[in-house]
J.: 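Handing you a structure now.
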Amino acid sequence: MPPPPGREATLLPPDQNQGQQRPPAPDSTAFMCPYCEAVLSNPGAAQCDSCLRPLPQQGTPVLRMMFPTGELKVSVGQHLVLGRDAGQSPVASTFTQYDNVSRRHSTVWLDPSGTAWVRDEGSTNGTFVNGERLPRGVEAPLRNGDQLRLAADVTGTVQL
Ligand SMILES: [Zn+2]
């Protein structure tokens, strides 16, 4: 006689995580004031809540990266994590199909002067700008037309 259905399922341990919440993950989509680095609750606001300086509006520089799977945009003050893990990167869907891209691969951002930067986050297979591998943790500028490659898998063209 087989055991009654559902018997195995009752052997699961009780949930021991009740009331023990994980700390919130750092919000990689947060917009920061480019002047005082306060996190902005409303990125579209005309001025910073904290230092009251006017915030960059339309017409200010935007970093665009054209990947085969989609176009990514980064505004001044935004740090965008590129990677395959939706818990680490808000644009993970752009990279999920690329097995050699790390869960948290690189970060790109624009500084207030309009210069774009990329930093490798200790990825397994490397971040490359125009074919040159970045040492991990080093901040490298990105210029219009640069080729940003993650692992051997996917290359995006920088537009500034
Ligand atoms: Zn501010």
Side-chain angles (χ1 to χ4, degrees), residues 17 19-98 101-151 153-160:
N17 293 327
Q20 195 185 352
Q21 294 198 329
R22 295 166 57 196
D27 184 358
S28 50
T29 65
F31 283 84
M32 289 189 311
C33 171
Y35 307 105
C36 71
E37 301 198 337
V39 174
L40 303 172
S41 52
N42 174 13
Q47 65 180 33
C48 172
D49 295 336
S50 190
C51 68
L52 303 182
R53 277 187 262 205
L55 294 170
Q57 298 296 307
Q58 288 177 358
T60 55
V62 175
L63 164 64
R64 286 187 174 79
M65 288 163 293
M66 318 294 284
F67 287 98
T69 43
E71 177 188 336
L72 305 181
K73 278 194 221 177
V74 182
S75 306
V76 170
Q78 183 187 15
H79 282 61
L80 182 65
V81 173
L82 310 181
R84 230 165 20 86
D85 183 344
Q88 304 273 351
S89 169
V91 294
S93 61
T94 305
F95 302 108
T96 40
Q97 72 188 80
Y98 302 111
V101 172
S102 291
R103 288 151 40 95
R104 181 183 182 89
H105 200 105
S106 334
T107 300
V108 292
W109 69 97
L110 256 186
D111 72 18
S113 73
T115 302
W117 300 87
V118 61
R119 181 179 63 220
D120 181 78
E121 298 290 358
S123 68
T124 304
N125 296 301
T127 301
F128 301 78
V129 177
N130 299 328
E132 285 202 35
R133 184 167 184 167
L134 302 180
R136 94 173 33 178
V138 168
E139 300 179 354
L142 291 172
R143 296 176 191 85
N144 188 40
D146 279 353
Q147 301 289 306
L148 175 63
R149 176 156 64 86
L150 307 187
D153 289 27
V154 59
T155 301
T157 303
V158 172
Q159 289 192 351
L160 280 167

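Only a predicted model underlies this, so the values are computations on that prediction, with no experimental measurement involved. Read the numbers this way: they start at 1 and go in the same order the structure lists the ligands and their atoms.
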J.: Under a 3.5 Å distance rule, please check whether Ser89 uses its side chain to pair with a backbone N or O of Val81 as donor and acceptor.
T.: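 Confirmed, Ser89 side chain pairs with Val81 backbone.
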J.: Could you enumerate the protein N, O or S atoms under 2.8 Å from the Zn ion (ligand 1), written like residue then atom name?
T.: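 Listed by chain and number: Cys33 SG, Cys36 SG, Cys48 SG, Cys51 SG.
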J.: Hey, does Tyr98 have a side-chain heavy atom less than 4.5 Å from the side chain of Pro68?
T.: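 Answer yes - side chains close enough.
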J.: Thr155 versus Leu148: any side-chain heavy-atom pair under 4.5 Å?
T.: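 With C-beta onward as the side chain, the pair stays apart.
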J.: Side-chain contact test, heavy atoms from C-beta onward, threshold under 4.5 Å: evaluate it for Val118 versus Glu139 and give yes or no.
T.: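 No - every pair of side-chain heavy atoms lies 4.5 Å or more apart.
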J.: Side chain of Thr94, backbone of Thr69: donor and acceptor closer than 3.5 Å?
T.: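 Side chain of Thr94 to backbone of Thr69: no pair is present.
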J.: Taking only residues two or more places apart in sequence, or in another chain, which ones meet Phe67 in a ring-ring contact (aromatic ring centres under 6.0 Å, His included)?
T.: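 Partners of Phe67 by the ring-ring contact (aromatic ring centres under 6.0 Å, His included) criterion, ordered by chain and then number, come out as Phe95.
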